[in-house]
Undergrad: 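Before anything else, here's the structure in question.
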Amino acid sequence: MSESNPHVALVTGGIGGLGTEICRHLARAGKRVIAADLAARAERIDAFRAEVAEFSDAIVFEPLDVSDHASSGATLADIQSRHGPVSILVNAAGITRDTSLRKMSEQQWSDVITVNLDGVFNTCRALIDGMTGRGFGRIVNISSVNGQTGQFGQTNYSAAKAGMHGFTMALAREVASKGVTVNSVSPGYCETALVMAVPETVRNDIVSRIPVGRLGRPAEIARVVEFLCNEDSGFITGANIPVNGGYFMDF
Ligand code: CAA
C-alpha cells in the first residue's frame, strides 16, 4: 500500500483505554483508522475526539456493537462502502463483570462472552473474505494475562480471553496461505479504567506481584499491536505475545 492509498485499520473498543492508544499508534504508522465503539458512550466519544485531535484526518469514529451478529455485519459492510476495505482488524472491545462464580448471574456470564468472544467471531466473520480475497490482512485479538492464568472473580472473562486465543490459532491456520496473519496480544494489568475499577487493595496486591513493579502503559501494548499489523510481520501468525511486566512468564 502506498502513502496515497493507505491500509484501512478498524479497532473495536477503539475509544477505550487500550483502543485509543492503538488507534494513535496505527495512525502514526500511516494507516487510516476507524475507531469503532458503542454509540451510547457519548461523553467518552467527545473526550476521544479531543485526545486524537492531532490525527483528525487519519482517525474517524464509527458506531459499532460487536456483540450483535446481525447489526455488526451490516454496519461493517456500510463502513467499508464509505471508507474502503478493512485490511487490519484489532479486536480490543472488552468488558468485565467480575464476581465469584457462586454469585455470577447468567447475565454477567453472557454479557462478557457476547462482547469479548462472540464479538471476535462477528467482526472476523464479516471481514475475513475481503482480506483473503485481496491477499493481505492483519488481525490482532487483544486477549489477557488472565486468560492464561485465570483470575479470582473472572471465570467469565478468563474463559472468553482463553477462548480468543484458541480462535486466533484456528483462524491463523485457515488463512495463513492467503496473506492474512492472526495473532493475540495478552496485556497484563495496565493503566486503564478497567483495571482502576478493581478494588484498590486487590489492585495494590496485584501490582506488588508484577516484577517490573508498576502497571503497564497503554502505549506499551499499542506498539506491539502496531508491530504485528505491519506489512513486514507476515511470518508471525497464530502467536500470543504477552505484555505483562513479567507478571506471568512461561515458555
Ligand atoms: N484470592 C483469594 N481469595 C479472594 C480473592 C482473591 N483474589 N478475592 C476475594 N477473595 C476472598 C475474600 O477474602 C472472601 O473471603 P471470605 O468469604 O472468607 O470473606 C471471598 O473470597 C469473597 O468471595 P466472594 O464470592 O464474595 O467474591 P466477590 O464476588 O465479592 O468477588 C472480587 C471478589 C470483586 C472478584 C475480587 O476478588 C476482585 O476484584 N478480584 C480481582 C478481579 C480482577 O483482577 N479483575 C481484573 C479486571 S481488569 C482486567 O480484566 C484487565 C486485564 O485483562 C488484566
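Indexing begins at 1, ligand by ligand and atom by atom, following the structure's order.
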Undergrad: Going through the checks in order, is the side chain to side chain contact (heavy atoms under 4.5 Å, CB included) test met by S67 and D118?
TA: CA-CA 6 Å; S67 70; D118 294 357; over 6 Å; no
Undergrad: By the ring pair (Phe, Tyr, Trp, His ring centres under 6.0 Å) test, which pairs, at least two apart or in different chains, include something from residues 51-101?
TA: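 Sorted pair list: H69-F121.
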Undergrad: Under the 4.5 Å side-chain heavy-atom rule for ILVMFWY, direct or indirect, which residues accompany I210?
TA: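 Answer for I210: V145, Y189, V195, M196, V198, V202, I206, V207, V212, L215, Y247, F248.
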Undergrad: Once you restrict both partners to nitrogen or oxygen, which atoms of ligand 1 have a protein partner under 3.5 Å, and how far apart are they?
TA:
residue, atom, partner, partner atom, Å
ligand 1, 25 (O), S100, OG, 2.3
ligand 1, 25 (O), R102, NE, 3.2
ligand 1, 25 (O), R102, NH2, 3.1
ligand 1, 26 (O), K103, NZ, 2.7
ligand 1, 29 (O), T99, OG1, 2.8
ligand 1, 29 (O), S100, N, 3.2
ligand 1, 29 (O), S100, OG, 3.4
ligand 1, 29 (O), K103, NZ, 3.3
ligand 1, 30 (O), K103, NZ, 3.3
ligand 1, 44 (O), Q151, NE2, 3.0
ligand 1, 44 (O), Y189, OH, 2.7
ligand 1, 45 (N), D98, OD2, 2.7
ligand 1, 45 (N), Q154, NE2, 3.4
ligand 1, 50 (O), Q154, NE2, 3.0
ligand 1, 53 (O), S144, OG, 2.6
ligand 1, 53 (O), Y157, OH, 2.7

Undergrad: Is there a side-chain contact between V120 and T168 (heavy atoms, below 4.5 Å)?
TA: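 Side-chain contact under 4.5 Å: no.
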Undergrad: For R214, is there an ion pair with E220 - N to carboxylate O distance below 4.0 angstrom?
TA: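 Salt bridge: yes.
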Undergrad: Can you pull the salt bridge (charged side-chain N to carboxylate O under 4.0 Å, His left out) pairs that have at least one residue in residues 87-109, sequence neighbours excluded?
TA: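 Listed once each, the pairs are R97-D111.
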